[in-house]
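Because the structure is a prediction, the values reported are computed rather than measured. Lettering of chains follows the sequences in order, A, B, ..., and the numbering in each one begins at 1.
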Amino acid sequence: MIDNVFDALTLGLATAFTLENLLFCLLGVVLGTLIGVIPGVGALAAISMLFPVTFYLEPTPALIMLAGIWYGTSYGGSTASILLNIPGTPANAVACLDGYPMARQGRGGVALFMTTAGSFVGGTFGIILMMLFAPLIAKYALSFGPAEYFALMVLGLVSASTISSGSAIKGLAMVVLGIIVGSVGLDLYTGAPRMTMGLIELSDGVGLVSLAMGLFGVGEIITSVRHVVAGTIDRESVRLRAMIPSREDVRASTMPVVRGTLIGSFLGTLPGVGSSIASFMSYAVEKRVSKDPSRFGKGAIEGVVSPEAANNAADQTAFIPTLALGIPGSATMALMMGALIIHGINPGPALMTEQPSLFWGLVMSFWIGNVLLVILNIPMIGLWVRLLLIPYHLLYPAVLMFICLGVYTVNYSEFDVWMVLIFGLIGYGARLLELPVPPMLLGFVLGPLLEEQFRRAMLISRGDFTVFVSRPISSIILALTAMLLLYSVWLAFRSMRHRNEAEPA
Amino acid sequence: MEEKSYSRDYRDLIAGGLLFLIGGSVGYYCLTTLALGSVQRMGPGLFPGALGVVLAVMGLGILIPALFRAGTAVEDIEWRSGIFVLGSVAAFAATVRPFGIIPAIVALAVVAQLAEPRIRPRAMVGLCIVLPLMAWLIFKVALGLQIPMFRWGF
């Protein structure tokens, strides 16, 4: 048992600085950045592809490498989002909204520099939290019942759907559509197939990778083929000199990074919330606190740095429930847990006392990895950008190949590839009809958890709906949600009246 | 180019109508064919069924106001790139099992190139060589995945 933080730090550093662990950390973050930069291959696909490799490694370097890929993709993913408007990973989708307009204005280098800096701040803060408060936060999350989890997820979904620059009702409708798609498959409690249309392949549900790659990857390519002219990336803007942000940029980014870090650190610890929702939420917050929300979507720097700080902070704090409680917050975290279990290590509250060198070594490797990522993403950014400088007519077949191969190799099932086609069609259709797509992904990811918590809450309360308001934390969260909803209704009415005045019919 | 305007917002009309239809059919299917259970012990159909109804209502909420306001034209559908980009995914999906990874990638590359407004023969040949090579290097050599690069017969 380690009671002293300094003993823990020494042990962690001694573990992380062995040559083997350093090498696997470097390998993990390099692969993570590469996979993040290449649009259409997400962390989930990359980690599942590399999962078999870890069978041959010791548990500590195995986990260090997988974790490196995981947080490395968030760094690399923002590069593709900013320069190409294609999210490298779903968690970076928000960075497109303002990062791409910035790149269009020749400020791509500044956006990349500031997101890397923001990511580093977010990641570092997440690591500190993990070290100091892991036991505390774990205990806090333990006291949450299903009612609290349900309320929190509802708040997340509602706030996320207000991101859409169009109408809130369209965002909410897409969330609901996402939840419906997420409920396809065998029912968790009874095992009854739901909306599988008799297809055995759908009994495990719709694959997250297929859905994300179809909606974002393929849907985007269809609109981009004719519109993206070769060489739209401004080469000058990613020279080291052009990347240096002005004092103005730094000032405009400081508070958003702090807010993003805090939001991300908190949300990352909650199972099922994770880095995607953290980045969506912090974007929504920035838009709300901004003096001039109309700048968002047109290259507002705070709309890029805050979500990126948030998702990196969340990437780190996501390990807290996984390692401290044995509750994986996401599919990727479940894979990390799987790597531990294969090596005979039981993730849970006993992990920190039984395997202190693994836990603290991993934590310290996060820090080394984050430093390596700053080096990879600022002085060496040219290398990654060269990957993106390939003309679009050569790039999109390559992206399509990575999408197809990435999706195919998750389960070696061509059915998953057909699903990409269907979601590509849905993604393109939604774009034409101006229905926002990110809320759908969010609903899809959170839907099954939402249903599970709701059903569990109903089971415990014997079908009494007041459980959501009688418990203080959940009632506060739901009240916040209701306020947010009323606010968007008010906004909608105001804009409708405004429009009617402008164009008397 | 001047944006065409219509007396009704057809974009939201279509969007709301589609969401209404999807929600309605999901709601109808779940509430009629799946077990609903009680609120305390919810059956498999209750949650998605209720959401289907919510989605249908929201669809109406998008559709009805759109009837009473002017709108702009839906942007032109990119038939060509849509068909060939989706077609390239289909080409991969259809060929990967019978023929293996490399023929599937070649099929994907050829079909994907047709999405371009003009065909570039050199780019097409280049892609057909480079993409399979890349896939082989990354997925076979670097990652060591056990996937057949070529496969003959069914």
Check your understanding: So which part of B/I101 gets closer than 4.5 Å to some heavy atom of chain A, the side chain, the backbone, both or neither?
Key -> side chain

Review point. How about A/M401 and B/F92: do any of their side-chain heavy atoms sit closer than 4.5 Å?
Key: no

**Study point:** Inter-residue atom distance A/I180.CD1 - B/C30.SG, 0.5 Å rounding
**Key:** 8.0 Å

Exercise for review: Determine, stepwise, if the pair B/I77 / A/Y428 fulfils side-chain contact (heavy atoms from CB on, under 4.5 Å).
Suggested key: CA-CA 9 Å; B/I77 299 175; A/Y428 182 59; 4.0 Å; yes

Practice item. Specify the closest pair of heavy atoms between A/L405 and B/A135, including all atoms of both residues, with the distance to one decimal. Key: CD1-CB, 3.6 Å

Exercise for review: Without swapping roles, check the side chain of A/Y408 against the backbone of B/A93 for a donor-acceptor pair under 3.5 Å.
Suggested key: no

Exercise for review: Assess whether side-chain contact (heavy atoms from CB on, under 4.5 Å) is satisfied between B/D12 and A/K170, documenting all intermediate values.
Suggested key: CA-CA 9 Å; B/D12 280 14; A/K170 283 184 167 180; 2.7 Å; yes

**Study point:** side chain to side chain donor-acceptor pair (under 3.5 Å) partners for A/E414, two or more places apart
**Key:** B/R97

Study note, to complete from the structure: Applying a strict 4.5 Å limit to non-hydrogen atoms, the region of A/L425 in contact with chain B is both

Review point. Are B/V96 and A/V417 close enough that some pair of their side-chain heavy atoms sits under 4.5 Å apart?
Key: no

Point to revise | Nearest-0.5 Å distance, CG of residue A/L433 to CG of residue B/L18 | key: 6.5 Å

Review point. How about A/R462: does its CZ atom have over 12 heavy atoms from other parts shown lying under 6.0 Å from it?
Key: no

Review point. What closest approach, in Å, do B/A90 and A/L421 show between heavy atoms, and which atom pair accounts for it?
Key: CB-CD1, 3.4 Å

Review point. Between A/A173 and B/I62, which heavy-atom pair has the shortest distance, and what is it?
Key: CB-CD1, 4.3 Å

Revision key, fill the gap. Output for pair (A/Y396 OH, B/S88 OG), nearest 0.5 Å, gives 8.0 Å

Practice item. Check each atom of B/R80 against the heavy atoms of chain A and say whether the ones under 4.5 Å are side chain, backbone, both or neither. Key: neither

**Study point:** Which portion of A/L177 sits near chain B, non-hydrogen atoms under 4.5 angstrom
**Key:** both

Review point. Looking at A/C404 and B/L108, what are the two nearest heavy atoms and their distance?
Key: SG-CD1, 3.5 Å

Check your understanding: Do the non-hydrogen side-chain atoms of A/I179 and B/F47 ever get within less than 4.5 Å of each other?
Key -> yes

Review point. At a heavy-atom separation under 4.5 Å, does B/L51 approach chain A through its side chain, its backbone, both, or neither?
Key: both

Point to revise | Side chain / backbone / both / neither for B/L55 at chain A, heavy atoms under 4.5 Å | key: both

Check your understanding: Does any heavy atom of chain A fall under 4.5 Å from the side chain of B/L86, the backbone, both, or neither of them?
Key -> both

Revision key, fill the gap. When rounded to the nearest 0.5 Å, the distance separating CZ of A/F402 from CG of B/L131 is 8.0 Å

Study note, to complete from the structure: When rounded to the nearest 0.5 Å, the distance separating OG1 of B/T33 from CE of A/M195 is 9.5 Å

Practice item. Select one option (side chain, backbone, both, neither) describing which atoms of B/A94 are under 4.5 Å from chain A's heavy atoms. Key: both

Review point. Looking at B/G23, B/P44, B/A112, which makes the most heavy-atom pairs under 4.5 Å with chain A?
Key: B/P44

Check your understanding: What closest approach, in Å, do B/P48 and A/R194 show between heavy atoms, and which atom pair accounts for it?
Key -> CD-NH1, 3.4 Å

Review point. How many angstroms lie between atom CD1 of A/I169 and atom CE of B/M58, to the nearest 0.5 angstrom?
Key: 6.0 Å

